[in-house]
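A short worksheet on the structure shown next.
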Amino acid sequence: MLRRINMSRNSFAFPAARNLLRRRLFSHFREQSAIIRTAVDWTVLLYILIPGGLLGGRFYYGYWNGNLPAWFSHVPFVVVPSLLAILLATGGIVLLLQEGDLLFLRQRQNWISTILKGGMVYSLAVTALKMAAVYVILLPFLIRGYDLSTASAYGLLALTITCSWAVKLLGHIVKVQRQGFRRRLWLILAVAVPCGIYLRLALFWKDSPALLFLAAAAYAVVTVLAFRARLRLRGTFMNDVREDYKQRMRIAAILLRRVLDKPRPTRYKPWIFRKSQPLLASKLPESRFAAAGMKALLRNPAHLKLYLQFTGVSLVAILIVPVVLKWLLYAILTCLMAYWLTSFWNLFSGDDYIGILPFTKEQKADAGSKAMPILLTPFAVLCSAMLCIPAYGWWGLLIFIPVGAAAGIWIGRIFSVIRFAR
């Protein structure tokens, strides 16, 4: 028994934390390459990469030794650091953590620290390589187009890389600690402010390499402090894993953006109607069900976005058509919105979870008849304002609300009778 307890560390699959870190890195590389291979045929890609690389190299050589494009003379210097600042604000940190670490490595804090250090060093190295690659592409324009000295070019490169390190770490710390609206506010301080300072320094000190290197040293100090603060951070393991998974799936998200709908983010509290206050004064079951359907529409980002997008397009369409066609277009667009809202209601009332509730088909139809005019009226009133005010002037200001409300209520009730089964 004692010999079993005192087994050698070599008896384990990973005798040291660095071995596990190496395995995680290799797994990460295989995972990313597998994601790319699922969407890209390497045989076809080679026919694009090889000619594209040769053609791009020829253009790049020409930018160094020939004339720059004519359009470049109209591009101010502020565009280049602005593009770099946008790149600084993108991306994140990969920590190489997994969900099982909470169970198997929780008592080995030094192993977790080793994985965290390795993941952050790897992420910062990848960030530096990406920023350097983009900077090298822009380098002939900086030196030959904006007369930047070699020392200033190196100083701006150092400033760009160190700022990217600081932004990535500060943004990561905020993402694993904050949620909701507070997270966005803190990200302004952690990401937008350093990027804004970088842009100002690049504009004012582009001809002062000593000041650029001094600013880069300041960002390097911020990076070291943020690195150490991240290692001391406790109680964020699940947020670390979630953020890590999000960063590892970035390539897959880009490839599948037009194929699959983006999953809704985890929301701990709804952004509207947080206290579930009643929307309708009546306490009848139909009124409560109608209020639940309206809240479901407003709380769903995809449905609310579609409602607002269609409203915006409709307002522009009514504004630009001649006066003789405004009323006809207004009626058509209001009917289209009513049709979509009734489709949403049929989907909502037919959901499996709603089926658990003891509502009859007639009660669901009555609830939909109450919800439709309320949901349609804001659209109808806004479109009525876009119709009446340009067409009738001051009279339009007086009549657009009654006209829009009447149209919303009337068309909403008509579609409720037609489309809701009783």
Side-chain angles (χ1 to χ4, degrees), residues 14 16-36 53 81 83-98 101 110-139 153-176 187 190-191 194-195 198 202 212-213 215-233 236 239-254:
F14 301 104
R18 62 180 179 274
N19 301 97
L20 179 58
L21 174 61
R22 192 181 303 114
R23 173 65 178 272
R24 295 279 175 89
L25 282 172
F26 290 152
S27 298
H28 177 68
F29 295 149
R30 287 195 298 268
E31 181 183 56
Q32 299 303 309
S33 61
I35 291 173
I36 297 174
L83 292 175
L84 293 174
I86 293 173
L87 289 177
L88 295 177
T90 59
I93 299 292
V94 176
L95 298 179
L96 303 175
L97 290 176
Q98 297 179 1
D101 295 339
N110 57 334
W111 282 48
I112 296 231
S113 298
T114 301
I115 295 175
L116 288 177
K117 291 178 184 177
M120 286 191 288
V121 170
Y122 161 76
S123 300
L124 296 181
V126 171
T127 298
L129 290 176
K130 288 194 284 191
M131 298 306 302
V134 175
Y135 192 83
V136 167
I137 295 174
L138 298 174
L139 197 56
Y154 280 118
L156 184 58
L157 175 61
L159 178 64
T160 303
I161 292 176
T162 53
C163 181
S164 67
W165 289 345
V167 167
K168 295 295 185 297
L169 286 172
L170 292 175
H172 171 78
I173 292 174
V174 171
K175 290 175 183 177
V176 300
L187 282 177
V191 176
C195 290
Y198 162 83
L212 290 175
F213 280 110
Y219 274 113
V221 172
V222 174
T223 301
V224 173
L225 295 177
F227 194 97
R228 299 175 67 177
R230 181 60 190 86
L231 290 177
R232 292 194 300 266
L233 206 59
T236 61
N239 290 337
D240 293 338
V241 174
R242 184 201 66 225
E243 188 64 28
D244 196 57
Y245 181 78
K246 185 186 301 183
Q247 294 301 324
R248 289 190 286 113
M249 291 293 107
R250 286 185 63 203
I251 297 179
I254 294 173

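Among residues two or more places apart in sequence or in another chain, the side-chain contact (heavy atoms from CB on, under 4.5 Å) test is passed with K117 by F227, L231. Applying the side-chain hydrogen bond (donor to acceptor under 3.5 Å, both in side chains) criterion to T90, with sequence neighbours excluded, gives no partner residue. For the ring-ring contact (aromatic ring centres under 6.0 Å, His included) test, residues two or more places apart in sequence or in another chain that qualify with Y122 are H28, F29. Here A125 pairs with nothing under the side-chain contact (heavy atoms from CB on, under 4.5 Å) rule; sequence neighbours left out. Every residue meeting the side-chain contact (heavy atoms from CB on, under 4.5 Å) condition with V191, not counting sequence neighbours, appears here in chain and number order: A89, V167, L187, C195.
L169 places none of its side-chain heavy atoms less than 4.5 Å from the side chain of V222.
Residue pairs that meet the side-chain hydrogen bond (donor to acceptor under 3.5 Å, both in side chains) test with at least one member in residues 158-176, sequence neighbours left out, are T160-Y198, H172-R230.
With hydrogens and angles disregarded, a donor-acceptor distance shorter than 3.5 Å links the side chain of Y219 to the backbone of P194.
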CA sep, side-chain torsions, deciding dist, call: L124, I93, side chain to side chain contact (heavy atoms under 4.5 Å, CB included) | CA-CA 8 Å; L124 296 181; I93 299 292; 4.1 Å; yes

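A158 approaches F213 most closely through the heavy-atom pair CB-CE2, 4.1 Å. Minimum heavy-atom separation, I161 to A128: CG2-CB, 3.9 Å. The shortest non-hydrogen separation linking A190 to G171 is CB-N, 4.1 Å. Listed here is the closest heavy atom pair of L170 and A226: CD2-CB, 4.0 Å.
To the nearest 0.5 Å, the span separating CD1 on I115 from CZ on R23 amounts to 12.5 Å. Atom CG of L156 is separated from atom SG of C163 by 10.5 Å, given to the nearest 0.5 angstrom.
In this structure, Y154 places its OH atom where only 12 or fewer heavy-atom neighbours from other residues, nucleotides or ligands lie under 6.0 Å away.
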